[in-house]
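Below: one structure, written as structure tokens.
From a predicted model like this one, the values you see are computed outputs, not experimental measurements.
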Amino acid sequence: HFYKRMSSTCNIVSALDKLVTLLTPHLGLVSTCMVDMIELDLFSMLPISVQSELLSMTEDQLGKLPTLLFSARDISEQAPQVDSMLDQLRNHSMEALGLVRDIKYDEDPSMLEFWDKIMSEKKTHEVCEMTKFVARDVRDCDISCLVDLGSGKAYLSQVLATLHSIPVLAIDSQEGNTRGAEIREKNLKTKWEGLKVRAVDRMEGKSPSNRKKRVKQTKSDDIEVNIEQKPEDVEIIDKMLIALTQFVEEGSDLGDLVEKHFPGKGDNFGLIGLHTCGNLASTSLRSFLSSPGCKFICNVGCCYNHLTEDNKGFPLSKHLQSQHFTLVRLARMLAVQPLDRLATSNTLPNKSLLWRAVLEMILARVAPTLPKDQRVVGRIAAKSKSFVDYVRKAFVKLKVETDITDNELSEIFNKYEKEFGAKLQCFYQYRALFSPLVEAVILTDRLLFMQEQGITNSCIVRLFDRNISPRSYAIVATK
């Protein structure tokens, strides 16, 4: 079992120091906003040699630049400085530093993989993979029930309760999510048996049957077969999953809530979270620590941009706190960027990035008193026929009145496109290479925090295919 092969606290500290040492000289780069590309001439931040190498690349080569982070391809002859940085970033991945534990399943494919589409492809993949991992650990650790903190629509909770017969207390702070989960559960619970039958058909390579066909078949065979859920089965499901609207205070003992809803299980439960947003990931780790009855945690965090810059968000470890190391919101936003998808697509940034950067220059001219934090235009580029149309829509949204003409707008765009178009593409692609490094610092800090609290059976596990689900790493621990 991989819990027996954890990295020591000393090794984790060493790995985190290496990550921070590599990132520190580039904090200015990762803390930029593409809106300021022209106004602050962000491209000039890069070393002259890197600028030249990037500009010498064809659009195809530039589009494929992120793929080089995941391969050993050598570009040292064409771009020695960029190649050197790629090599450093590869050597500082969490996998290369020995921070990520591989997981292997000996079990057959999950029935959920053959399920009717009741979730998006992304959510199906996430729920399927996390369910397999959590269900196995529930058995191995002899856990009596689970708390799904930040359960959202409770897809994960429903699958664990229904397909694996694990009691789950699904907690979310938003009443709308809890109510939606209850409605969805009510709609699905009478259909689970039929969904199972169709999934089994697919697993066996058969064409999935419909309810009428199954009823007709059972009648013709003169066999009493329960096609849909019986009332007593529904009652069992009701007892297996409880959806609760509750704000969990940092440091509270979740065992009290578990005991209230699942009497007798408050001293032996697990804590899970699928894409807990911002500080909720940190809250989950602290709840695991402050709940004596919580024996297992599997937490996949997301939305690093919503973390607070303190010991409740980032950094958590005393080691980084003592160094006064921090990451501003823009750097944490970069960590959220789906680099694997960018690498797979082999495409350059959308025209909207340049449009928005040029718009910033125009707003500085025609609306200089409009604060920068109020220049939010949203995703209007996709609805715009041209740059001029985009600017006009932005003026309406921002309530900017100006007598600037369409010809002037076109001239301004042409000027900046010629000067900054290629530079923006180069800067964006190069900056994106640092996304995994920033995420690695955040997750390794969380792992070290757990070690500092005496949780030596803790590790980082990659649960998902990053092309499908970019936030694919989980903090896992037992006590």
Side-chain angles (χ1 to χ4, degrees), residues 1 3 103 105-113 115 118-119 123-172 177-178 181-182 184-186 188-189 191-193 195-196 199 229 232-244 246 248 254-276 284 287-288 291 293-300 461 463-464 474-479:
H1 200 285
Y3 290 115
I103 52 174
Y105 301 108
D106 299 325
E107 304 146 9
D108 294 330
S110 169
M111 185 186 296
L112 192 62
E113 296 177 28
W115 218 253
I118 57 176
M119 296 175 278
K123 183 60 68 176
T124 298
H125 172 72
E126 293 165 350
V127 171
C128 179
E129 295 304 313
M130 191 161 178
T131 294
K132 286 192 290 187
F133 180 80
V134 170
R136 185 190 70 177
D137 273 42
V138 165
R139 291 195 306 269
D140 290 350
C141 301
D142 197 25
I143 300 295
S144 61
C145 70
L146 292 169
V147 173
D148 185 359
L149 193 56
S151 56
K153 296 180 179 179
Y155 286 125
L156 178 63
S157 298
Q158 290 167 354
V159 171
L160 285 165
T162 308
L163 293 188
H164 294 274
S165 300
I166 302 172
V168 182
L169 179 61
I171 303 176
D172 199 273
N177 282 339
T178 304
E182 290 173 340
R184 192 162 32 259
E185 181 200 2
K186 184 177 180 180
L188 286 174
K189 63 188 176 184
K191 301 176 183 178
W192 277 113
E193 193 62 33
L195 290 169
K196 285 183 186 178
Q229 299 272 71
E232 53 265 37
D233 294 330
V234 172
E235 186 178 346
I236 291 173
I237 294 177
D238 281 338
K239 294 179 180 178
M240 297 296 285
L241 174 60
I242 296 175
L244 180 67
Q246 177 94 26
V248 176
L254 292 174
D256 296 336
L257 278 175
V258 173
E259 191 63 32
K260 178 180 178 181
H261 295 281
F262 292 123
K265 300 183 186 298
D267 60 350
N268 183 29
F269 64 94
L271 177 59
I272 60 175
L274 174 53
H275 290 154
T276 47
S284 298
S287 295
F288 169 74
S291 303
C294 190
K295 308 299 183 183
F296 162 77
I297 185 172
C298 179
N299 180 269
V300 182
V461 173
L463 288 181
F464 312 135
I475 299 290
V476 180
T478 60
K479 64 181 181 185

Donor-acceptor contact below 3.5 Å, side chain [X] vs main chain [Y]:
{"X": "K295", "Y": "D142", "answer": "no"}
{"X": "D172", "Y": "G152", "answer": "yes"}
{"X": "E259", "Y": "G264", "answer": "yes"}

Which heavy-atom pair separates [X] from [Y] by the least distance, and what is that distance?
{"X": "F464", "Y": "E126", "result": "CE2-O, 3.3 Å"}
{"X": "C141", "Y": "T478", "result": "SG-CG2, 3.9 Å"}
{"X": "F296", "Y": "F288", "result": "N-CE1, 3.6 Å"}
{"X": "S287", "Y": "V248", "result": "OG-CG1, 3.9 Å"}
{"X": "L463", "Y": "C298", "result": "CD1-SG, 4.0 Å"}
{"X": "A170", "Y": "L241", "result": "CB-CD1, 4.1 Å"}

Exactly one of L160, V300, D137, L149 clears side chain to side chain contact (heavy atoms under 4.5 Å, CB included) with I272, and that residue is L160
Among L156, D148, V134, exactly one meets side chain to side chain contact (heavy atoms under 4.5 Å, CB included) together with V168. Which residue is that?
D148
Taking side-chain hydrogen bond (donor to acceptor under 3.5 Å, both in side chains) as the definition, give me every residue that meets it alongside T276, ordered by chain and number, with sequence neighbours left out.
N299
Value rounded to 0.5 Å, distance of [atom1] in [X] from [atom2] in [Y]:
{"X": "K132", "Y": "H164", "atom1": "NZ", "atom2": "NE2", "value": "9.5 Å"}
{"X": "L244", "Y": "K260", "atom1": "CG", "atom2": "NZ", "value": "7.5 Å"}
{"X": "C128", "Y": "K123", "atom1": "SG", "atom2": "NZ", "value": "13.0 Å"}

All side chain to side chain contact (heavy atoms under 4.5 Å, CB included) counterparts of K265, not counting sequence neighbours:
S144, C145, P167, V258, F262
